[in-house]
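All ligand and atom numbering here is 1-based and tracks the order in the structure.
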Amino acid sequence: MRSVEWLGSALRVLDQTRLPSEEVWLELRDPGEVAEAIKSMRVRGAPLLGAVAAYGLALAAVRSRAASKEELLLELEEAAELIRSTRPTAVNLFWAIERVLKAAREAEGDVEAIREAVVREANLIAEEDVAMNKRIGKHGQALVPQRATILTHCNAGALATVGYGTALGVVRAAVEAGKEVHVIATETRPLLQGARLTAYELLKDGINVTLITDNMVGYVMAKGMIDLVVVGADRIVRDGVFNKIGTYSIAVLAKEHGIPFYVAAPSSTLDLSRASSEVVIEERDPREVTHVGPIRIAPEGVKVLNPAFDFTPMRYITAIITEDGVFKPDELLKRYG
Ligand code: MRU
């Protein structure tokens with residue numbers, strides 16, 4: 001399953017707000033449409049945000065009528081600014097934009113040469129993502145026992161990446177290695193990425209999955225039902241990991257129950273020069289909490305807190321799985337820091 005396709009003058013993406021009831025593909029034609037799709041979470045998940053942001057710049061480049069190199073670079077900077085302003089937490093978005101801008105600045109030749117360099121870099125980011133996820137899967141599956149129940153949170157699957165997934169890449173690789181894997185997926189309020197997306201993509205692949213509500217995690221762990229936890233990440237800083245709200249509670253519970261807690265993420269999610277105090281956690285619309293879909297579940301006028309992510313300190317993390325291997329937190333800093 002691939003969640004994004006470059007058409008040459010448009011970007012084809014699966015509208016994740018419509019899943020699982022409808023598979024609706026959208027064609028995004030300019031950086032404004034890309035920014036809207038990111039903000040409204042039609043596309044989401046850190047690695048996919050990186051690829052889509054890169055393609056947003058590719059759209060700016062192919063649509064541009066700039067007569068000079070300087071003019072095109074300016075238009076690309078403007079498009080970058082717009083896309084950067086959508087969601088602040090996942091570092092892949094900023095990483096991919098920087099990579100594409102660098103390729104544009106360094107391209108030698110005329111306007112056409114810059115255009116080609118931008119599209120080439122965006123395609124490269126997308127292709128590399130799938131390759132990195134397969135390698136994450138290969139390293140991660142070695143940690144999975146022959147028969148295992150894996151708890152995961154949110155959606156760090158094919159839908160959150162260009163393809164294959166990070167946490168669900170580990171699950172897929174374990175299944176491909178002939179292991180008997182059962183996934184327990186948390187529903188992941190408020191936007192239900194676990195219920196809507198993880199359950200959907202695992203069922204589609206015929207992988208054994210059971211859905212629980214977020215407040216059942218302590219119950220399943222205390223019952224001895226979980227062998228390991230594998231989640232994705234939006235940004236890994238030197239003192240810990242930012243991921244979907246609720247990850248921290250799961251990590252604390254895992255430690256209490258002696259269950260290994262793994263984070264699976266490509267190196268494009270690493271931001272080790274920063275500490276957690278420097279990272280902005282996105283605060284989203286209160287409506288996501290007061291409503292489930294179109295239905296209001298809370299009284300009008302109630303105050304709401306809606307942070308999209310939380311921070312899990314390194315002491316709760318058993319290891320981080322990247323495309324280069326499996327690293328304990330101190331080893332990760334030595335390898336990439
Ligand atoms: O708000 P979302 O749905 O973009 O959040 C997604 C997550 O938190 C994922 O776990 C993370 O981006 C890793 S995806 C491989």
Side-chain angles (χ1 to χ4, degrees), residues 1 3-4 13-17 19 37-53 86-96 126 128-130 132-137 140 151-172 185-198 200-202 214 229-236 240-251 261-271 279-285 288-289 306-312 317 320-323:
M1 184 197 243
S3 47
V4 61
V13 296
L14 187 56
D15 184 347
Q16 300 193 21
T17 62
L19 289 172
I38 293 175
K39 229 181 156 63
S40 58
M41 296 183 60
R42 297 183 201 289
V43 289
R44 32 72 46 205
L48 181 61
L49 291 181
V52 169
T86 52
R87 300 192 72 193
T89 310
V91 75
N92 306 60
L93 184 135
F94 303 91
W95 165 86
E128 283 173 13
D129 184 58
V130 181
M132 287 195 288
N133 294 338
K134 294 239 163 109
R135 285 166 62 191
I136 288 171
L151 185 131
T152 192
H153 185 54
C154 192
N155 172 263
L159 289 166
T161 61
V162 177
Y164 203 70
T166 56
L168 298 190
V170 172
V171 168
R172 286 196 166 90
T186 53
E187 64 172 351
T188 320
R189 269 287 283 157
L191 291 181
L192 301 170
Q193 289 92 330
R196 294 188 304 106
L197 308 176
T198 294
Y200 167 84
E201 71 165 83
L202 290 180
D214 298 325
V229 178
V230 188
V231 296
D234 285 86
R235 189 186 291 244
I236 301 177
V241 170
F242 288 87
N243 191 49
K244 178 53 55 194
I245 188 76
T247 302
Y248 172 53
S249 320
I250 296 172
F261 183 94
Y262 297 108
V263 174
S267 56
S268 52
T269 305
L270 300 177
D271 189 18
V279 176
V280 175
I281 292 186
E282 177 185 9
E283 181 76 29
R284 292 188 59 87
D285 193 332
E288 293 175 354
V289 176
N306 188 16
F309 303 98
D310 62 22
F311 174 69
T312 301
I317 296 167
I320 294 166
I321 308 158
T322 75
E323 70 274 17

Logged contact type for Cys154 with ligand 1, heavy-atom cut-off 4.0 Å, is side chain
Check: Side chains of Arg284 and Met41: closer than 4.5 Å at any heavy-atom pair?
Finding: yes
Across all chains, not counting sequence neighbours, the ring-ring contact (aromatic ring centres under 6.0 Å, His included) partners of Phe242 are Phe311
inquiry  = Within the structure provided, determine whether Phe309 and Val241 are in side-chain contact (heavy-atom separation under 4.5 Å).
reply    = no
Per-atom filter on ligand 1: closer than 4.0 angstrom to a heavy atom of Lys244 are 1 (O), 2 (P), 5 (O), 8 (O)
closest protein heavy atom to atom 9 (C) of ligand 1 is Asn243 OD1, 3.4 Å
Practice task
Answer yes or no: is there a side-chain heavy-atom contact under 4.5 Å between Leu19 and Leu159?
Solution key: yes
Using a 4.5 Å cut-off on heavy atoms from C-beta on, say whether the side chain of Thr312 contacts that of Asn243.
no
Would you say Ala308 touches ligand 1, if touching means a heavy atom closer than 4.0 Å? no
among protein heavy atoms, the one nearest atom 13 (C) of ligand 1 is Ala233 O, 3.3 Å
Is any side-chain heavy atom of Gln193 less than 4.5 Å from a side-chain heavy atom of Thr198? no
shortest atom 15 (C) of ligand 1-to-protein heavy-atom contact is with Thr166 OG1, 3.1 Å
Is there a side-chain contact between Met132 and Ser267 in this structure, where contact means two heavy atoms from C-beta onward sitting under 4.5 Å apart? yes
of all protein heavy atoms, closest to atom 6 (C) of ligand 1 is Arg44 NH2, 3.5 Å
Note to self: Would Ala90 count as a contact residue for ligand 1, given that I'm defining contact as a non-hydrogen atom of the residue lying under 4.0 Å from a ligand atom?
What the structure shows: no
### Message
Check contact between His153 and ligand 1, using heavy atoms of the residue and a distance below 4.0 angstrom.
### Response
no
A student checking ligand 1 against Pro47 at a 4.0 Å heavy-atom cut-off should list atoms 14 (S), 15 (C)
Sequence neighbours excluded, the answer for side-chain contact (heavy atoms from CB on, under 4.5 Å) partners of Val4 is Leu11, Val13, Leu48, Val52, Tyr55, Val162
Atoms of ligand 1 under 4.0 Å from any heavy atom of Asp234, numbered from 1 in the order shown, are 7 (C), 8 (O), 9 (C), 11 (C), 12 (O)
field: Worked check of salt bridge (Lys or Arg N to Asp or Glu O under 4.0 Å) between Arg235 and Asp271
entry: CA-CA 6 Å; Arg235 189 186 291 244; Asp271 189 18; 2.6 Å; yes
Quick note on ligand 1: atoms under 4.0 Å from a heavy atom of Gln193 include exactly 1 (O), 2 (P), 3 (O)
So the atoms of ligand 1 within less than 4.0 Å of a heavy atom of Arg87 turn out to be 1 (O), 2 (P), 4 (O)
A student checking ligand 1 against Ala46 at a 4.0 Å heavy-atom cut-off should list atoms 12 (O), 14 (S)
Are Thr166 and Val170 side-chain neighbours, meaning at least one heavy-atom pair lies under 4.5 Å? no
Near Met41 (heavy-atom distance under 4.0 Å), the atoms of ligand 1 are 1 (O), 2 (P), 3 (O)
So the atoms of ligand 1 within less than 4.0 Å of a heavy atom of Ala160 turn out to be 14 (S), 15 (C)
